Amino acid sequence: MKQENERRNFLRKCWQMTFVAPLAGLWLAGCGSSKKSVATDKKLKATPCEDLTGVPAVDVEKRKSLGYTNLSPIPDKECRNCQLFIPPKEGSECGGCLLFAGPVSPEGYCTYWAPQV
Ligand code: SF4
């Protein structure tokens, strides 16, 4: 009887190692890759307005000091509906801001956000 139980336990462990463990690994890998692709999508979406090439250092510092970010953390407060936003020119994804030079994402935000009047 004891030998039979040991044999069953051995076979159960073999089955688990053969089928359950790899499937669990695939499931976990799938979860991780979907999170990664969402993050990558956000990063790609935000990239066009992140190029600060040629922007004066003083404006880069001002943008940082105002807490500018390319993706607003507050859904109702984005650069596109800010009084200080300069809309993108035709063919461009990025606009500007009256407070500093450089590209500004319509989905961006900073602590100086002001409602349009
Ligand atoms: S003040 Fe801030 S929120 Fe308003 S357009 Fe400029 S960067 Fe965007």
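Everything numeric here is computed off the predicted structure, so don't read it as measured data. FYI, side chains are in, hydrogens and waters are out, and symmetry mates aren't considered; it's all heavy atoms of this structure. In this chain, residues are counted from 1 in sequence order.
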TODO: For Arg63, check salt bridge (Lys or Arg N to Asp or Glu O under 4.0 Å) against everything at least two apart and list the hits.
DONE: none
Task: Heavy-atom side-chain contact between Tyr68 and Asn70 under 4.5 Å - done: yes
Task: Flag side-chain contact, heavy atom, 4.5 Å: Pro106 against Pro88 - done: yes
Anything under 3.5 Å between a donor and an acceptor, one on a side chain of residues 55-62, the other on a protein residue two or more places apart or in another chain? List them.
from: Asp59; atom 1: OD1; to: Ala101; atom 2: N; distance (Å): 3.3
from: Lys62; atom 1: NZ; to: Leu99; atom 2: O; distance (Å): 3.2

Nearest non-hydrogen partners of [X] and [Y], listed with the distance:
X	Y	result
Ser72	Lys77	OG-O, 2.5 Å
Gln116	Gln83	CA-OE1, 3.1 Å
Arg80	Glu107	NH2-OE2, 3.1 Å

TODO: Report the residues that fulfil side chain to side chain donor-acceptor pair (under 3.5 Å) with Thr53, sequence neighbours left out, ordered by chain and then residue number.
DONE: Asp51
Task: Partners passing disulfide bond (SG atoms under 2.5 Å apart) against Cys94 (at least two apart in sequence or in another chain) - done: Cys49
Task: Co-members of the apolar cluster containing Val117 [side chain, <4.5 Å] - done: none
Task: Apart from Trp113 itself, residues in the same hydrophobic cluster as defined by side-chain heavy atoms under 4.5 Å - done: Ile74, Tyr109
Task: Test item: Asn81 side-chain N/O and Asp76 main-chain N/O as donor-acceptor pair under 3.5 Å - done: yes
Task: Option from Ile86, Val104, Leu84 for which side chain to side chain contact (heavy atoms under 4.5 Å, CB included) with Cys79 holds - done: Val104
Task: Test side chain to side chain contact (heavy atoms under 4.5 Å, CB included) applied to Glu90 - qualifying residues, sequence neighbours left out - done: none
Task: Atom pair OG/CD of Ser105 and Glu78 - distance to nearest 0.5 Å - done: 8.0 Å
